[in-house]
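Side chains included, hydrogens not; waters and symmetry mates left out as well; all remaining heavy atoms used.
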Amino acid sequence: MAHVVIIGAGTGGMPAAYEMREALGKEHQITLINATENFQFVPSNPWVAVGWRQETDISFPIRPYVERKGINFVAQPVTKIEAERNRLVLANQETVDYDFLVITTGPKLAFDEVPGMGPHAGFTQSVCTTDHALAAWQDYQRFVEKPGSVIIGAAQGASCFGPAYEFAFILDADLRKRKIRNKVPMTFVTSEPYIGHLGLGGVGDSKGMLESELRQRHVRWITNAKITRIEQGKMFVDEHDMKGNIVESHELPYEYSMVLPAFKGVEAVAGVEGLCNPRGFVLIDEFQRSKKYQNIYSAGVCVAIPPVETTPVPTGAPKTGYMIESMVTAVVHNIADVLAGKEPSHRGTWNALCLADMGDTGVAFAALPQIPPRNVSWMKKGKWVHAAKIAFEKYFIRKMKKGTSEPLYEKYVLKALGIERLKKGGVA
């Protein structure tokens, strides 16, 4: 009997546990470890931050759902990975031995890389976790009583730009509903070299479309932006040209701000010699397997993916839901193959597919493959995307409570968007 341990029970880790359970059968032991007792549906956090969702709408206890599927659950942070001994050390000093380890921890949020950034020791809000989104909602309620300038953005080194755009548009929609949008000057600050870059070098006409949407909503923007420091009510931003030279230094006032940070690997993962790159992301081969430790696999935001291109201000490449789903499936099949005495052969489909809400409408985009040149570069706007994002939320949460590993993107989303050819263009 083999013991497969999965660290992290987010949008990658919890489906991985279910899929692993189905693939391996009852003769093998599966343990899911998460820092907290609850699952959080992270894509809905921007809605939480404006009061459109409650915490109970997008979060639920993990234990009863996974345990009824025969999956062990441990709610403790992992403080150390002893890869040479195939052992984990938990925050309560207990240890867990494994035969195979799957790392789906997500990232560490590098707020500390910009002085004054972040909801804990800084002066800006975040939608990266549900706790952060709840804090942003509390601050937003204060703000609407006395509205003023708003700054939304993504710091240098960020790789997940979609939620920044989403939150800017959602905030605009909520302010219009409250009939106070006219009292709120908005600025979008981003490390992207141009609006709509998205860490992907642009997708379809993302530049023109997103510039138009920001312009229609009277949102000014600063690109190639490096945030140097943040104070209470002030953000200091250096704007660069395409050669990386500073062309203007801005001192921007604000009453409310949400800025996405750069990501790093979590400490327990980053601390394993030979496992990660300098930023703490797991170095994997084409089979999602560690290049040094053959019984360690990884999927999701915590894996190392090179930037699509070099930009004047550093940007990273995003890992979207379809990509994470395909990584997880590859990991499960490869571990099953190894247990059956076979060599790993399954690869993740590194394509980007995203539904981005805009409050009362939305944008869907697909980039296949993620790194250009591409077979598919597709982007569409419409109210149907807003409806699709809501349906995605409801379906995914229901799927996690039901305990199924049904591949959402390949079975439903690609067909609904009419772009089934995405799979054909991948590396799977």
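- Here E393 does not pair with K389 in a salt bridge; the nearest charged N to carboxylate O distance is not below 4.0 Å.
- Among the candidates L32, I81, V266, the single residue satisfying the side-chain contact (heavy atoms from CB on, under 4.5 Å) test with I7 is I81.
- Residues A330 and R347 approach most closely at CB-C, 3.7 Å, considering heavy atoms.
- For K402, the NZ atom counts as loosely surrounded, since its 6.0 Å shell holds 12 or fewer non-hydrogen atoms of other residues, nucleotides or ligands.
- Using a 3.5 Å distance cut-off with no hydrogens or angles, the side chains of H346 and T329 do not pair a donor with an acceptor.
- What you find for I58 and T130 is that their closest heavy atoms are CD1-OG1, 3.8 Å.
- The shortest non-hydrogen separation linking L252 to V237 is CD1-CG2, 4.0 Å.
- Partner of Y140 under the ring-ring contact (aromatic ring centres under 6.0 Å, His included) criterion, out of F167, Y256, W47: Y256 alone.
- In summary, the side chains of H333 and Q288 do not present any donor paired with an acceptor at a separation below 3.5 Å, with no hydrogens or angles considered.
- Nearest heavy atoms, I230 versus Y254: CG2-OH, 3.4 Å.
- Annotation: the span from E192 atom CD to L198 atom CG amounts to 5.5 Å, rounded to 0.5 Å.
- The main-chain N or O of V89 is found under 3.5 Å from a side-chain atom of T79 such that the two form a donor-acceptor pair.
- Between Y65 and F60, the distance from one ring center to the other falls under 6.0 angstrom.
- Ring centers of H132 and F111: under 6.0 Å apart, within the cut-off.
- In this structure, the side chain of R374 engages the main chain of Q370 through a donor-acceptor pair within 3.5 Å.
- Taken to the nearest 0.5 Å, the CD atom of E286 stands 8.0 Å off from the CZ atom of R289.
- By the neighbour-count criterion of 12 heavy atoms within 6.0 Å, atom NZ of K394 is densely surrounded, having more than that number from other residues, nucleotides or ligands.
- Taking all atoms of both residues into account, the shortest heavy-atom contact from L109 to P261 is CB-CG, 4.0 Å.
- Shown are Y165, F169, W221; of these, the ring-ring contact (aromatic ring centres under 6.0 Å, His included) with F188 is made only by Y165.
- Of the inter-residue distances, the one linking L90 atom CG with Q76 atom CD reads 6.0 Å to the nearest 0.5 angstrom.
- The minimum heavy-atom distance linking A173 with G359 is given by the pair CB-CA, 3.9 Å.
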Determine whether I170 and W52 satisfy the following criterion, side chain to side chain contact (heavy atoms under 4.5 Å, CB included), listing intermediate values before the conclusion.
CA-CA 10 Å; I170 289 168; W52 293 5; 3.9 Å; yes
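- Under a 3.5 Å cut-off, the side chain of R21 and the backbone N or O of G25 do form a donor-acceptor pair.
- With N334 contributing its side chain and S345 its backbone, the two residues share a donor-acceptor pair below 3.5 Å.
- Judged purely by atom type and a 3.5 angstrom limit, Q156 has no side-chain atom pairing as donor or acceptor with the backbone of S191.
- When ring centroids are compared, F392 and F41 come within the 6.0 Å threshold.
- For T124 (side chain) and S257 (main-chain N/O), no donor-acceptor pair under 3.5 Å exists by modelled atom type.
- D99 and H3 are not linked by any side-chain donor-acceptor pair at a separation below 3.5 angstrom, with hydrogens and angles left out of the test.
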Run the side chain to side chain contact (heavy atoms under 4.5 Å, CB included) check on D172 and R181 step by step: do they pass?
CA-CA 7 Å; D172 168 81; R181 179 64 181 87; 2.7 Å; yes
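- Side chain of T315 to main chain of G199: no donor-acceptor pair is present (N/O by atom type, distance under 3.5 Å, no hydrogens or angles).
- If you run side-chain contact (heavy atoms from CB on, under 4.5 Å) between I284 and each of L275, V303, I296, V331, only V303 comes through.
- Judged by distance alone, the side chain of E37 and the main-chain N or O of P61 form no donor-acceptor pair under 3.5 Å.
- At most 12 non-hydrogen atoms from other residues, nucleotides or ligands lie less than 6.0 angstrom from CD of E343.
- For E273, the CD atom is loosely surrounded, since the number of other residues' heavy atoms within 6.0 Å does not exceed 12.
- Note that CE of M14 is 9.5 Å distant from NZ of K401, once rounded to the nearest 0.5 Å.
- Separating the CG atom in D131 from the CD atom in E55 is a distance of 6.5 Å, to the nearest 0.5 Å.
- No donor-acceptor distance shorter than 3.5 angstrom exists from the side chain of S159 to the backbone of G316, with no hydrogens or angles considered.
- Taking CZ from R229 and CE from M117, the interatomic distance works out to 15.0 Å, rounded to the nearest 0.5 Å.
- Under the 3.5 Å distance criterion, the side-chain polar atoms of R217 are matched with a main-chain donor or acceptor of E213.
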